[in-house]
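Right, one structure below, let's go through it.
Everything numeric here is computed off the predicted structure, so don't read it as measured data.
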Amino acid sequence: MIPVRMMRKMVWERSMNKLSRGLSSSQIRKPRSPSLVSLDLIDEWSSTFTRSHSHPIQKSTANNDTARIIDGRSAAEEIKSSIAIEVSRMKESIGKVPGLAVILVGQRRDSLAYVRNKIMACHEVGFRFSIAELPESCTEDAVCDALSNYNKDASIHGILVQLPLPQHFDEGKILNVLSLEKDVDGFHPLNIGNLAIQGREPLFIPCTAKGCIELLLSSDVEIVGKRAVVIGRSNIVGLPTFLLLQCGQCLQRHHATVSIVHAYSENPEIITREADILVAAAGVPNLVRGSWLKPGAVVLDVGINPIEDPESEHGYRLIGDVCFEEAVRIASAVTPVPGGVGPMTVAMLLLNTLEAAKRALCFT
């Protein structure tokens, strides 16, 4: 005797087959939602966005007249000192040290500055360092070949492709070539996917997002239950920072209530004024004014924007996404640019590379 449930299923399948045979392909209703990739938009922060309706600036309710400066340099130096000790121990025990490789395409000034900092940091802690410099006109295959060579090199434990790449490159295709075990930047789709799924642990957490959380924790900033806003939704900073701050079951998530502001957000300053913790990562100089901030908020400025300055050694100086002079009057704590999130990003890269080397060399 056929069970009732199976009989119902058979009847339903027969009726659907009849229906599909009686309809032409144009008559069959298709889902209206397009592919997700076709919905992607580039965040172009227009001048009208940056000139949102201003509001009177309120001072912080904290006792001090100015915000506490979160010193990323000193925090990074402490981490680098502990890494150097581990590298010395590794060299004495097994005669090997961690190796980091960077692939640099083109001559972007900010990318060159980042790479210089990474080279100096590697020398400070005793890492081996290698760099593959390619012209902006090179092909994707050339970048993939450089990646493949480093994937095979046993002396290299961490590889990063300096982002952003020139616009004609498919970043996703290139990052897919990168060995998951050497993805110390944490951008491989599997690492990002494991970061997003509850109960999973990525091999590596993206360095800037990890650095932001480390700065909050080392500054004794309470995250659990607080309202956080991330400005910017890039794969490099905005998305992983959002994932780390939000609720979840993994140890690295911190149970804040998180919102994202992007270039298509309406009235962004209303959203940001609700934030106990604000992470600015839009890449727009002085986007966040004092009127955008909640009095007493903690502000992490990820932006590193070069502006022309003939008096500077390199002909330019760096400023953040947050108007620092206004923020220190409103916030309870704020990171400077430079000297805030940037040094911690490099420190987290070194830490990820050390972990990769220990894993590859079975060193504890």
Side-chain angles (χ1 to χ4, degrees), residues 45 49-72 75 208-233 237-247 253-262 265-305 319-342 344-345:
W45 302 81
F49 185 98
T50 60
R51 290 197 296 268
S52 298
H53 302 295
S54 60
H55 292 259
I57 297 176
Q58 297 176 282
K59 283 198 171 185
S60 171
T61 54
N63 293 329
N64 298 329
D65 291 334
T66 58
R68 173 167 58 100
I69 305 303
I70 299 176
D71 187 354
T208 302
K210 187 175 181 178
C212 286
I213 298 298
E214 185 63 31
L215 280 176
L216 292 173
L217 296 176
S218 63
S219 301
D220 296 321
V221 175
E222 188 176 351
I223 304 175
V224 176
K226 297 299 181 180
R227 189 172 299 231
V229 172
V230 179
I231 304 178
R233 53 181 175 178
V237 181
L239 174 61
T241 303
F242 167 81
L243 293 172
L244 283 174
L245 285 168
Q246 71 166 341
C247 295
R253 297 176 176 88
H254 296 277
H255 306 282
T257 301
V258 193
S259 300
I260 284 187
V261 167
H262 51 77
S265 298
E266 294 184 357
N267 302 314
E269 72 282 4
I270 294 176
I271 302 170
T272 59
R273 279 201 301 272
E274 296 293 320
D276 302 302
I277 299 168
L278 180 72
V279 181
V284 180
N286 288 338
L287 171 68
V288 179
R289 310 307 298 252
S291 60
W292 287 40
L293 300 177
K294 176 181 179 179
V298 176
V299 180
L300 301 185
D301 191 352
V302 180
I304 303 180
N305 307 291
I319 66 171
D321 289 358
V322 178
C323 183
F324 184 80
E325 294 78 10
E326 295 181 7
V328 293
R329 296 166 51 197
I330 316 298
S332 63
V334 61
T335 58
V337 175
V341 176
M344 282 299 288
T345 298

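Residues T335 and L215 meet the side-chain proximity criterion, which asks for heavy atoms closer than 4.5 Å. Residues F324 and V334 form a side-chain contact, since some pair of their non-hydrogen atoms from C-beta on lies under 4.5 Å apart. You'll find the side chain of W292 reaches within 4.5 Å of the side chain of L287, heavy atoms only. At a threshold of 4.5 Å between non-hydrogen side-chain atoms, the residues I69 and V328 count as touching. The closest side-chain heavy-atom distance from V341 to T208 is below 4.5 Å. A 4.5 Å side-chain heavy-atom check between E214 and M344 finds at least one atom pair inside the cut-off. Looking at heavy atoms from C-beta onward, H254 lies in side-chain contact with I213 at the 4.5 angstrom threshold. Between T272 and L293 the shortest side-chain heavy-atom distance does not fall below 4.5 Å.
In plain terms, the two heavy atoms of V230 and V258 that are nearest each other are CG2-CG1, 4.1 Å. Of all the heavy atoms in A333 and A67, the pair that sits closest is N-CB, 3.9 Å. Taking all atoms of both residues into account, the shortest heavy-atom contact from E326 to R289 is OE2-NH2, 2.7 Å. Annotation for A281 and V237: closest pair CB-CG1, 3.6 Å, computed over non-hydrogen atoms. Summarising the geometry of S219 relative to I70, their closest heavy-atom pair is OG-CG2, 3.6 Å, with the distance given to 0.1 Å. When all heavy atoms of E266 and I271 are compared, the pair lying nearest together is O-CD1, 4.1 Å.
I231 pairs with exactly one of V284, V322, V288 by the side chain to side chain contact (heavy atoms under 4.5 Å, CB included) rule, that one being V288.
In this structure, OG in S265 is found 11.5 Å from CD1 in I270, a value given to the nearest 0.5 Å. S259 contributes atom OG, which lies 11.0 Å from atom CG of L278 (distance to the nearest 0.5 angstrom). Rounding to the nearest 0.5 Å places NZ of K226 at 13.5 Å from CG of L245. The CZ atom of R233 lies 8.0 Å from the CD1 atom of I260; values are rounded to the nearest 0.5 Å. Of the inter-residue distances, the one linking I277 atom CD1 with E222 atom CD reads 8.5 Å to the nearest 0.5 angstrom. Distance check: I223 CD1 to Q246 CD gives 13.0 Å after rounding to the nearest 0.5 Å.
For P338, the side-chain contact (heavy atoms from CB on, under 4.5 Å) test picks out R73, with sequence neighbours left out.
Between the side chains of D321 and N286, no donor-acceptor pair of N or O atoms lies under 3.5 Å.
Judged by distance alone, the side chain of D276 and the main-chain N or O of A297 form no donor-acceptor pair under 3.5 Å. Counting only distance, with no hydrogens or angles, the side chain of R273 and the backbone of S291 share a donor-acceptor pair below 3.5 Å.
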